[in-house]
Each structure stands twice: as C-alpha cells, then as structure tokens.
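A short write-up of the structure that comes next.
Chain naming here is simple, since letters A, B, ... match the order of the sequence lines and numbering starts at 1 in each.
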Amino acid sequence: MRLPQPKRVTVKEWVTAPVPGVVGLDFETFYTSAYSVSQMGNWAYVHDRRFNAWAVSVSDGERTCVCPPAEFPWGMIAGREWVSHNREFDEAVFLRLGDLGVIPRDARPVRWFCSAALCAFLQLPRDLAGAAKAVFGVDLDKTIRAGMKGRDLSADLPGMIQEETDYAACDAEMALALWNTLSGHWPAHERRLYEQTVAMGRRGLVVDWDYVDANLKELNATVEAVSAALPWKPALSITKFEAACADIGTPPPKSTAANDPDFQDWVRDNMRSDAVIWARHMQRMRSANRTAKVLESMKARRKADGRMVFELKYYGATPGRWSGGGGLNMQNYNRKPAEGVDLRRCIVAPPGCLLAVVDYAQIESRVLLFLAGDTDTLDMFRLNPDADAYEIHARATMGWRPEVSVQGSGFSGEETLRQYCERTGSGLRQLAKARVLGLGFGCGARRFIEVAKVMAGLEISFEESDRIVREFRESNPKIVALWEHLNDACASCDGGDYVLPLPCTQVNSDLGRFLIYRDVAAGENGIECTVAGDRIKVYGGLLAENWTQGTARDVLASAWLRCDASGFRPVLSVHDELVFEVPEASAEEDLRRIVGIFEEPVAWAPGLPLLAEGKLCAVYGK
DNA sequence: GTGTAGGGCGCG
DNA sequence: AAAGCGCGCCCTACAC
C-alpha cells in the first residue's frame with residue numbers, strides 16, 4: 001500500500017492554499033502515568049487542572065501543519081470532514097479548548113470520523129502504530145512517543161525539535177491515510193452504532209451520589225481494618241502469604257481465588273489452620289477494594305449536572321461486541337452486593353422516570369442452533385415462545401418428557417422441567433444447563449468436570465464427564481457438523497485469510513460484517529492465524545463460538561438501531577441488554593413497545609426465535 | 001522510574 | 001483427537 005508523503009508547512013504557508021477533502025487531525029497533550037486518559041477517561045482528563053494541549057497537527061494529505069492549538073487557523077478547516085484516531089479523545093480536547101477560550105467554538109467540522117473505530121471494525125490492530133504496520137507495513141517511531149511522556153513542550157513550540165514535530169505530524173497523516181484507504185468498508189449502520197455509543201457515554205447515567213459517598217467511606221475503613229489483620233505487607237501479596245503458610249507448616253493452596261475449586265478443597269483440608277483465615281481476609285480485602293475503586297472511579301466522572309459520564313468501546317472485542325474502557329467498566333458491575341454494597345443500586349432513574357431494562361433470553365444458545373441449522377429444535381422454541389432453553393435442550397436431546405400435566409405451563413399444559421425438578425429433586429435441569437452453556441463450543445471431558453461443578457454444582461467423575469460429552473455430541477450432530485465445517489473452511493484458507501461473513505451480510509456483498517482470521521497456517525498441530533494483530537490458535541469449536549457471539553451481537557445492534565429509530569435511546573448497553581430512561585407516565589407502554597422491538601424477527605435471520613424480558617425499576621438491577 | 005505478565009474478580 | 005469464549009481493572013512481582 002502506497003503512503004502519501006505530505007509536505008510539512010508552517011501556519012503562514014498553510015493559509016495560502018485551500019484544503020481538499022478530509023482532514024486528519026491530532027492533538028498532543030501533557031500526560032503522566034497517574035494523569036492519563038486510560039486511567040481517567042476522556043472527560044475527566046480534559047477537565048483536570050493539569051490539562052494542557054500543547055500542539056495540534058492537521059494534515060490534508062498534501063500538507064501537514066503542526067503548531068500550538070491557539071495559533072492554528074481553524075477557519076480554514078471549519079465545516080469540513082475531519083478524521084482522528086480515537087476521535088472521542090480529540091473531540092473532548094477540542095470541546096474543552098473551546099470552553100477555555102483557547103480556540104474558537106464555532107470552527108466545527110461537519111462530520112468527525114474515527115479511524116481507530118474503523119480499524120477495530122476491520123479487526124485490524126486498534127492502536128495507530130499497529131494499524132500502520134498492518135495496513136502500510138510502516139513502523140511509527142515509538143522512541144519519540146516514549147520521549148514525550150511527562151514533558152510539557154508548549155514552551156518549545158514553534159521551535160520544537162524536528163523529531164517531535166515529525167511525530168505529531170505523523171499521527172494526523174496516518175489517521176487520514178487509514179481513513180482514505182479503508183473507510184469504504186465500514187457500513188453506514190455500523191457508523192451510526194459508533195456515534196450512538198459515544199453519545200450514550202457522554203450523556204451518562206444518573207447516580208445516587210449519597211449512596212456512593214456513604215459506602216465509599218465504609219469500604220475504605222473495611223480495607224484498612226482487614227489489611228491491618230494480615231501480618232505482612234503488602235497485604236495482598238501471595239508470595240508473602242505462601243511464606244507465612246510455610247512458617248506454620250500449612251501447605252499453600254494452588255489458588256487463593258474464592259471460587260476456585262482447588263481453593264475450596266484446600267479450605268476443607270486445612271480447616272483449623274490460620275492460613276485459611278488469612279486467605280479469607282485477602283479475599284474480603286480484594287472484594288472491598290474493588291468495590292471502593294469502582295465508587296472512586298464513578299466520583300471522578302461526575303458532571304456538573306449530576307450525571308456520570310462513561311465510555312464504552314465500540315467493537316472492543318474481536319467478534320464485535322462492545323467492551324468497557326476509559327478506566328471504568330460499566331459492563332461488569334456486580335449483580336449482587338459485595339460487602340453490603342450494591343454497585344448497580346448506584347445507578348438510578350432521573351426524577352419522574354423509571355429505568356426500563358430489557359434483555360434477550362438465552363440469545364447465544366438460540367443463535368448457535370440457528371447457525372447449526374437445527375430446525376427441529378428451533379421449531380420447539382417457535383411453538384413454545386416462552387419456553388426455557390434448558391428444558392428444550394432436555395426434550396430435544398436428553399429424552400426428557402413431563403410426567404404430569406399442569407394447566408398453563410409452556411408445552412400445552414404439561415409440567416415444566418423446572419417444576420419436575422422441584423417436585424422430584426432431580427438435577428436434570430442443572431445438567432441440561434451445564435450442557436447447553438458448556439458443551440456447545442467444543443469443551444472436552446476433562447474441562448467439563450470443572451464446567452459442571454462451577455455452572456451447575458455437579459460433582460462428576462472423568463468417566464461420567466466423558467460419557468456426557470460423547471452423548472452430547474451424538475445427540476447434537478448439527479452442532480458438531482458446524483464445528484467441523486468451520487474448521488475445514490478455515491484450514492482450506494492455508495496461506496491466506498479466512499473471511500467468515502456474519503448472517504447480517506447480504507449474499508455477495510462486501511459491505512457487510514465479517515470475522516477475519518488473517519494469515520492462516522494450517523498444519524498437523526492445528527490452525528494458527530492473526531486476529532487483531534495477535535497470533536492465535538483456532539479450532540472449529542472456537543470459530544463456532546466467535547460466529548455465535550458475533551451474530552448475537554448483531555441481533556442486539558439491530559434492536560438498538562430500531563429502538564433509536566422509534567425514539568428510544570438507551571443510556572447503557574451490556575452485551576444482550578439495553579437500559580432506557582422512560583417517563584413514569586408512559587413507562588408500562590414504553591416497556592411493552594421496547595420488548596416488542598427486541599422480539600421483532602430479524603430479516604437476515606429467518607427462523608431465529610427471539611425472546612426478550614423487560615422490567616421497570618427505580619434503581620438499576622432491582 | 002516504566003512496562004509487562006499473571007493472579008484475581010467482576011460481567012455476558 | 002482435543003479445545004468453552006469474550007472482555008477490563010486492580011494488585012503484585014519482576015525485568016529493564
């Protein structure tokens with residue numbers, strides 16, 4: 001790929017000629033390890049006292065100008081299309097500089113694109129240097145980048161040394177080059193999703209700050225007290241814990257994680273040892289500390305209007321899901337209280353509103369059956385729209401039939417599997433759950449012992465596990481065939497790229513969504529390929545999992561866009577769930593409509609049975 | 001001092 | 001034949 005070599009010009013030279021096409025733009029700002037975007041998020045970073053944007057570089061592909069933001073002739077590029085790598089950051093800087101009066105507020109772009117989001121969509125490395133290497137084969141000079149940290153170079157400009165101007169210029173030029181080369185492959189509806197993601201986080205969530213403040217104080221006291229009860233420092237040091245175990249003659253556990261089966265066995269074997277008390281203290285401290293850190297992180301993102309900004313990363317995961325980012329992950333808030341603190345309870349509805357929380361039921365299980373073409377099982381879903389996925393699995397593949405008839409239950413007045421298990425004390429439903437969640441993507445017998453234990457609380461032997469795994473594969477031939485088909489299709493791309501279109505991609509269209517496995521090397525030891533810049537091993541079950549997760553993501557994305565088109569803008573998105581703020585007066589009706597939108601059949605997935613569940617609440621998670 | 005890797009813990 | 005997968009953040013240890 002040929003890379004343009006723009007000429008470096010001064011402000012005086014820049015203003016002598018008009019600007020063609022899209023403009024690449026990149027701000028350079030002061031940062032340290034403690035004061036950084038990755039830790040604080042864009043909003044808190046640009047509102048900090050230390051905020052200092054000491055340069056902006058602007059490139060039109062023919063010329064590049066680097067100068068202090070206040071000196072740049074913004075009128076020359078106002079009303080044009082701009083592109084930045086991580087636009088949310090540059091936009092946050094731009095808006096803040098406008099508020100501070102450093103640059104004119106009215107010199108805005110007509111559109112502002114993000115080349116990083118574009119690269120993520122194409123499953124290229126998201127970082128600029130990685131993308132530059134992958135697309136153009138060039139190495140951006142990292143030594144210059146490293147040398148800038150902690151330096152305020154505003155005094156040096158415009159007499160800044162050549163290397164540093166080169167670096168600043170390089171980012172703007174590269175963002176533009178990536179955009180001009182790749183933007184044609186980014187569909188319009190995906191761009192809308194990106195824009196809505198950014199807008200959602202910037203709008204933020206309403207928080208019960210009294211609850212946050214009160215609990216933060218208590219949690220910090222707990223952390224302090226538990227830390228003092230441990231006879232070493234740092235209190236969470238596993239090395240020191242193991243040394244202390246040796247001192248009292250107790251063998252250390254393989255893991256000190258609360259939910260690790262090895263740890264639980266160790267507790268059982270060492271009940272009377274002080275080491276068990278220490279380990280429990282460490283677990284309690286980790287839990288309290290995590291919760292405290294989340295609360296602190298929330299406080300740092302409090303806007304003047306009382307809402308809390310957050311960031312979700314569009315296409316943060318390779319199958320296309322959103323991920324957390326910017327120092328606070330809104331997608332992994334505890335579902336249950338920890339140390340008496342309910343993190344979800346911090347998020348509340350604004351006055352006069354309720355939160356409408358809507359999510360898809362067992363979306364991935366349903367999508368897997370759809371992708372495998374298991375129409376018989378899908379028919380069971382369609383004929384019993386409210387049925388439990390684990391019951392359908394038990395009926396379809398485990399030979400389960402109800403013993404008695406109960407009026408009003410799922411399958412035409414029969415007893416449900418849940419009712420059956422409650423009545424008889426059977427663990428069949430737990431086993432069905434473990435099979436559905438654990439075995440659909442290639443998990444083997446050894447691993448399934450753990451999966452069954454953690455997911456369903458089942459203690460099984462290797463022989464039992466092996467029997468279950470083989471039985472599952474025999475009774476789900478279409479799923480196994482899917483693994484094999486994907487494995488073969490990928491292996492056949494040896495020496496090239498394996499491009500797997502998601503169902504939302506129209507036949508023969510190159511403007512869709514794809515899972516891309518680059519530089520496939522298939523051999524005796526399996527398949528290796530590059531995903532988002534990393535070399536990984538892949539196999540049929542993994543490909544089936546990625547395809548399933550990606551398709552389920554597209555189902556939610558589709559619902560998101562349809563909700564938006566109907567005037568329902570979510571305030572939060574968590575994989576298979578959207579959260580809305582709805583006026584109390586219309587809450588019931590709005591919820592009903594949103595659930596209806598979720599359950600609308602998707603045009604590109606005919607026969608995929610969708611079930612959505614919705615609830616109204618004053619605080620999140622209740 | 002900085003960067004990274006691994007354990008741990010939280011979510012879907 | 002065998003293999004659950006997808007994330008982010010905090011803390012500690014360790015190499016440079």
Exercise. What integer distance in Å separates R344(A):CZ from dG10(B):C1'?
Worked result: 10 Å
Exercise. When the distance from CG of L515(A) to P of dC5(C) is rounded to whole Å, what number comes out?
Worked result: 16 Å
Exercise. Are the charged groups of K299(A) and E296(A) less than 4.0 angstrom apart, N to O?
Worked result: no
Exercise. From the list dA13(C), dC11(C), dC5(C), which nucleotide is the closest neighbour of the side chain of S237(A)?
Worked result: dA13(C)
Exercise. When we call it a touch if two heavy atoms are under 4.0 Å apart, what does G326(A) touch: a base, just sugar-phosphate, or nothing?
Worked result: sugar-phosphate
Seminar exercise, completed: Testing dC5(C), dC7(C), dT12(C) for proximity to the side chain of A317(A), the answer is dC7(C)
For this session: Look at all strands and tell whether R553(A) reaches a base, only sugar-phosphate, or nothing, counting heavy atoms closer than 4.0 Å.
Result: nothing
Seminar exercise, completed: Of dG6(C), dG12(B), dG4(C), the nucleotide closest to the side chain of D576(A) is dG12(B)
Per-pair distances, 0.1 Å, donor-acceptor, side chain in residues 480-493 of chain A, under 3.5 Å, sequence neighbours excluded:
{"from": "W483(A)", "atom 1": "NE1", "to": "G440(A)", "atom 2": "O", "distance (Å)": "2.9"}
{"from": "N487(A)", "atom 1": "OD1", "to": "G540(A)", "atom 2": "N", "distance (Å)": "3.0"}
{"from": "S492(A)", "atom 1": "OG", "to": "A489(A)", "atom 2": "O", "distance (Å)": "2.7"}

For this session: Verify the neighbour count for atom CD of E218(A): are there more than 12 heavy atoms of other residues, nucleotides or ligands below 6.0 Å?
Result: no
Exercise. Is L343(A) touching bases, backbone alone, or none of the nucleic acid, heavy atoms closer than 4.0 Å?
Worked result: nothing
For this session: Looking at every strand, decide which applies to G327(A) at a 4.0 Å heavy-atom threshold: base, sugar-phosphate, or nothing.
Result: sugar-phosphate
Seminar exercise, completed: Result for 5'-nearest mapping on DNA chain C, choosing between L542(A) and R290(A), is L542(A)
Problem set entry | Watson-Crick or G-U stems involving DNA chain C, each at least 3 pairs long, distances under 3.5 Å, ordered by first number | B:1-12 with C:5-16
For this session: Compare side-chain N and O positions of T318(A) against OP1 and OP2 of dG6(C) and report whether any pair is under 4.0 Å apart.
Result: no
For this session: Establish, with yes or no, whether the OP1 or OP2 oxygen of dG8(C) is under 4.0 angstrom from a side-chain nitrogen or oxygen of S323(A).
Result: yes
Seminar exercise, completed: Between CG of D466(A) and P of dA3(C) the distance, given in whole Å, is 10 Å
Problem set entry | Rounded interatomic separation in angstrom, taking CG from D534(A) and P from dA5(B) | 10 Å
For this session: Could you tell me whether the phosphate oxygens of dC9(B), OP1 or OP2, come under 4.0 Å of any side-chain nitrogen or oxygen in R286(A)?
Result: yes
For this session: Please state how far atom CH2 in W483(A) lies from atom C1' in dC5(C), giving the value in whole angstrom units.
Result: 13 Å
Exercise. Are H281(A) and F241(A) close enough, and set up right, to give a ring-ring contact (aromatic ring centres under 6.0 Å, His included), and what steps lead you there?
Worked result: CA-CA 11 Å; H281(A) 274 113; F241(A) 165 72; over 10 Å; no
For this session: Calculate the interatomic distance between K254(A) atom NZ and dG6(B) atom P; express it in whole Å.
Result: 19 Å
For this session: Assign D260(A) to base, sugar-phosphate, or nothing according to its heavy-atom contacts below 4.0 angstrom with the strands shown.
Result: nothing
Seminar exercise, completed: Which of dG10(B), dG12(B), dA3(C) is nearest the side chain of Q549(A)? It is dG12(B)
Exercise. Using a cut-off of 4.0 Å on non-hydrogen atoms, how would the nucleic acid contact of Y333(A) be classed: base, sugar-phosphate, or nothing?
Worked result: sugar-phosphate
Exercise. Is the phosphate of dG10(B), meaning OP1 or OP2, less than 4.0 Å from a side-chain N or O of N329(A)?
Worked result: no
Problem set entry | Non-neighbouring partners of T250(A) that pass side chain to side chain donor-acceptor pair (under 3.5 Å), sequence neighbours left out | S273(A)
For this session: Would you tell me whether Y314(A) and Q196(A) have side-chain atoms, one donor and one acceptor, within less than 3.5 Å of each other?
Result: no
Exercise. Using a cut-off of 4.0 Å on non-hydrogen atoms, how would the nucleic acid contact of A258(A) be classed: base, sugar-phosphate, or nothing?
Worked result: sugar-phosphate
For this session: Ignoring backbone atoms, establish whether T291(A) has a side-chain N or O less than 4.0 Å from OP1 or OP2 of dG10(B).
Result: no
Seminar exercise, completed: Taken to the nearest whole Å, CE/M330(A) to P/dG12(B) is 12 Å
Exercise. Under 4.0 angstrom, heavy atoms only, what part of the nucleic acid is K313(A) near: base, sugar-phosphate, or nothing?
Worked result: sugar-phosphate
Exercise. With a 4.0 Å cut-off, would you call E364(A) and R321(A) a salt bridge?
Worked result: yes
Exercise. Is any N or O donor-acceptor pair between the side chain of N332(A) and the base of dG10(B) shorter than 3.5 Å?
Worked result: yes
Exercise. Between R335(A) and dG12(B), is there a side-chain N or O to OP1/OP2 distance below 4.0 Å?
Worked result: yes
Problem set entry | Carboxylate-amine/guanidinium proximity below 4.0 Å for K453(A) and E450(A) | no
Exercise. Closer than 4.0 Å, any side-chain N/O of Y620(A) to the OP1 or OP2 of dC11(B)?
Worked result: no
For this session: Decide if atom NZ of K336(A) counts as having more than 12 heavy atoms of other residues, nucleotides or ligands within a radius under 6.0 Å.
Result: no
Exercise. Going by an N to O cut-off under 4.0 Å, is there a salt bridge joining E190(A) and R553(A)?
Worked result: yes
For this session: Tell me what D359(A) touches on the nucleic acid: a base, only sugar-phosphate, or nothing, going by heavy atoms under 4.0 Å.
Result: nothing
Seminar exercise, completed: Among the nucleotides dG8(B), dA13(C), dG4(C), whichever has the atom closest to the side chain of F441(A) is dG4(C)
For this session: Mind calculating the distance between CD1 (I363(A)) and C1' (dC5(C)) to the nearest angstrom?
Result: 16 Å
Seminar exercise, completed: Assign each of H575(A) and G442(A) the nucleotide of DNA chain C bearing its closest heavy atom; nearer the 5' end lies the nucleotide of G442(A)
For this session: Have a look at G526(A) and say if it touches a base, only the backbone sugar-phosphate, or nothing, with a 4.0 Å heavy-atom cut-off.
Result: nothing
Exercise. Does a nitrogen or oxygen in the side chain of S255(A) sit under 4.0 Å from OP1 or OP2 of dG8(B)?
Worked result: yes
Exercise. Has the side chain of R447(A) got a donor or acceptor that lies under 3.5 Å from a partner of the other kind on the base of dG4(C)?
Worked result: no
Exercise. Any side-chain N or O of R446(A) under 4.0 Å from OP1/OP2 of dA3(C)?
Worked result: yes
